[in-house]
Amino acid sequence: MSAREPRSLQFRRERMESWRELKALVERVEKSGPKGLSAEEMMRLPVLYRAGISSLSVARAISLDRSLLEYLESLNARAYFCVYGLTESAGRPVFDFFRQDLPRAVRAIRWQVLICSLLMLAGTVTGFVMTNAEPGRFRTFVPDAMAQGRGPFASNEELREVLYAGDEQGDDELVGFSGYLFQHNARIGILAFALGVLFGVPVVYLMFTTGLMLGAFASIYHARDLGAEFWGWILPHGVTELGAAILCAAAGLTLGQTVLFSGPTTRLTALARRSRAVSLVAMGALGMFLMAGLIEGVFRQRVQGDAVRYALATSTLVLWIVYFTRFGRGR
Amino acid sequence: MGDSGMVGSAAAPGEVTLPTPEGVPLRFPLARVGDRIFAFFVDLLIIGAAGILLVFAVSSTSDGFATALFFVLFFLLRNFYFLISETVGRGASLGKRWQRIHVVDGKGGPLDARSVVVRNLMREVDTFLPLTVIPLVPVVWPDAPRALALLVLVWMFAVMLLPIFDRKRRRLGDLVAGTLVLAAPERHLLPDLADTEEERETTYTFTDEQLGKYGIYELQVLERVLRQDDPIQGVEARATVAEAIRAKIAWTGGPVHTRRFLTDFYAALRADLERRMLLGDRREDKRAAARRGQPSPADD
């Protein structure tokens with residue numbers, strides 16, 4: 001006849017006090033953070049935690065009391081969070097992220113960025129040349145909603161109006177247009193990224209057509225000798241916005257090409273490895289879109305002088321190039 | 001649950017096993033997707049309230065400027081909210097604290113701030129972007145060819161619903177940052193069922209042969225039945241189980257007080273099974289018991 005007590009019961013009686021103590025400390029930390037503990041208690045916590053872990057280990061081996069095991073698992077899990085919760089403050093890492101991680105991620109896909117930039121450039125040149133030769137082509141390259149009445153047949157005055165309209169004059173209409181432009185480019189960005197998974201073909205198409213549109217616009221303004229003014233109008237925010245679109249496209253292209261050419265590793269592993277750089281770039285691009293929107297909203301209609309506009313455009317261009325090529329180097 | 005004796009055994013679905021720096025793997029329940037969504041909504045509410053204040057603050061300036069400024073400030077607001085609250089809250093924003101879930105490093109070590117930064121900034125790509133694009137596809141791109149619009153929708157959904165498909169319930173931000181979101185439910189230390197302190201005149205005793213009919217699985221079922229709080233269901237369940245046990249072990253001791261009988265049987269069975277487990281004989285259930293035949297009565 002066996003009428004002994006289970007061994008685990010003895011074990012539990014021995015250790016119960018320290019578990020209770022651990023639980024009390026853990027609850028205090030959970031409620032008011034580490035500062036809720038005195039200095040002595042702070043030193044006690046890791047000791048109790050390790051005792052708790054060891055209890056768990058023993059209990060797993062010798063006890064069949066399920067509620068005890070669940071209790072110990074839960075207690076140790078909570079203690080784990082308390083002991084191994086965040087130790088650094090957030091300030092420095094945010095700074096480091098923008099200073100290093102983001103530029104490095106962009107450099108990691110620099111060939112794709114280059115390709116997308118060249119594609120856009122090629123599209124722009126093509127659009128420009130073809131619209132010059134045959135102004136009617138403008139209609140093909142630029143969707144109506146975007147054109148908003150501008151086109152080969154708009155008068156000089158109408159065109160000029162857009163470039164230099166100030167606050168008093170049709171502010172709402174222009175806000176609408178700038179909003180549309182912003183939307184359009186943001187959309188391009190999203191699409192390029194999303195569709196990049198389809199082996200990059202749509203990305204190529206998108207970059208080129210955006211360039212076509214740009215070139216077509218440039219062409220009609222150029223035909224009226226308003227070329228320089230046109231670029232002065234577009235570029236201050238356009239540098240940032242087009243840059244963001246290019247980054248998105250490059251990210252999408254990278255995804256697509258990883259799916260196609262994964263080499264010796266499996267597709268999923270390759271994707272997992274690339275996804276970090278790609279995601280960071282996509283995130284950076286989003287931030288750039290926002291900045292472009294801000295520049296657009298603030299500067300474009302307020303700042304009228306061509307010289308200032310060009311200065312702004314050049315400085316943003318230089319800034320981005322320096323940021324992405326030089327930051328985060330070394331170490 | 002029958003693998004509680006094996007350290008480092010494979011985690012059940014909805015759980016992960018993390019190696020702790022102490023060398024003892026801990027099994028954690030993953031936060032349920034519903035809980036994460038709920039926590040996110042709570043956080044959104046807080047951000048939304050601040051956003052409304054922002055709208056008022058910004059609307060005093062002129063139109064175009066105001067819109068652009070609002071978007072940028074709102075972007076900053078929501079990102080900084082998550083960043084700060086998850087850092088200050090040791091891996092848990094306010095919404096997460098409500099739901100008792102935390103962010104933790106996927107490899108089991110300390111959570112570093114960089115991961116928090118990355119996973120929160122990534123929320124723009126894996127949550128806010130799909131959330132704004134999906135309802136607005138026709139607005140964002142009115143003249144889209146059907147197929148393309150559909151494709152974008154599919155992709156956005158795929159990104160947003162990733163936690164449902166991933167075994168570790170990670171969203172894209174978690175994947176990139178290498179973090180996991182775990183739950184930490186509260187459990188109380190219930191009294192040990194085998195701990196009968198009061199002296200009783202009749203304690204039921206059992207032979208090794210009788211105890212040998214059952215295994216660990218039955219023991220834990222019995223534990224569940226004994227801990228059953230519900231007065232009506234509990235009484236019924238206990239009566240049924242007591243009946244079954246008496247039949248199985250060929251009880252000859254006459255009528256019994258149900259609860260005491262079950263408690264004593266539980267204590268004796270657990271003592272016996274634990275003793276055997278220490279010696280390496282782990283009897284999983286009654287079928288295993290039957291296969292082994294009668295255990296020898298004079299065991300130690």
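Note that the structure is a prediction, hence the values are computed from the model and not measured.
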- request: Could you tell me the separation between the CD atom of B:Glu22 and the CG atom of A:Leu56, rounded to the nearest 0.5 Å?
  value: 11.5 Å
field: Among the listed options A:Glu27, A:Met16, A:Lys23, the residue most often paired with chain B at heavy-atom distances under 4.5 Å
entry: A:Lys23
message: Does A:Ile62 form a side-chain contact (heavy atoms from CB on, under 4.5 Å) with B:Leu278? I'd like the steps, not just the answer.
response: CA-CA 7 Å; A:Ile62 73 163; B:Leu278 276 178; 3.6 Å; yes
field: Contacting region of B:Leu190 [heavy-atom separation from chain A under 4.5 Å]
entry: both
task: Answer yes or no: are there more than 12 heavy-atom neighbours, outside A:Phe11 itself, under 6.0 Å from its atom CZ?
output: yes
message: Using side-chain contact (heavy atoms from CB on, under 4.5 Å), reason through A:Arg66 and B:Arg224 one step at a time and then give a plain yes or no.
response: CA-CA 9 Å; A:Arg66 213 179 50 160; B:Arg224 243 201 314 269; 3.0 Å; yes
- request: Measure distances from B:Glu223 to the heavy atoms of chain A and classify the residue's part below 4.5 Å as side chain, backbone, both or neither.
  value: side chain
query: Using non-hydrogen atoms only, which part of B:Leu219 is less than 4.5 Å away from chain A: side chain, backbone, both, or neither?
result: side chain
field: Heavy-atom pair of closest approach, residues B:Asp192 and A:Arg12
entry: N-NH2, 3.2 Å
message: Which atoms of A:Arg7 are under 4.5 Å from chain B, going by heavy atoms: the side chain, the backbone, both sets, or neither?
response: both
message: Tell me the closest heavy-atom pair linking B:Met277 and A:Ser63, and the distance in Å.
response: CE-N, 4.0 Å
query: Would B:Leu26 and A:Ile53 count as a side-chain contact (heavy atoms from CB on, under 4.5 Å) if you check the C-alpha gap in whole Å, the side-chain angles of each, and the deciding distance to 0.1 Å?
result: CA-CA 9 Å; B:Leu26 279 180; A:Ile53 286 273; 4.1 Å; yes
- request: List the atom of B:Leu189, the atom of A:Trp19, and the distance in Å for their closest heavy-atom pair.
  value: CD2-CE3, 4.2 Å
- prompt: Any idea which heavy atoms bring A:Leu64 and B:Glu274 closest together, and the distance?
  reply: N-OE2, 2.9 Å
- prompt: Between A:Arg78 and B:Arg100, is a side-chain contact (heavy atoms from CB on, under 4.5 Å) present by the stated rule, with each step listed?
  reply: CA-CA 10 Å; A:Arg78 290 167 69 192; B:Arg100 305 190 69 96; 3.8 Å; yes
task: Indicate the atoms forming the closest heavy-atom contact of A:Arg60 with B:Arg27, along with that distance.
output: NH2-N, 3.7 Å
- request: Please report the shortest heavy-atom distance between B:Arg227 and A:Ser67, naming the atom on each side.
  value: NH2-OG, 2.9 Å
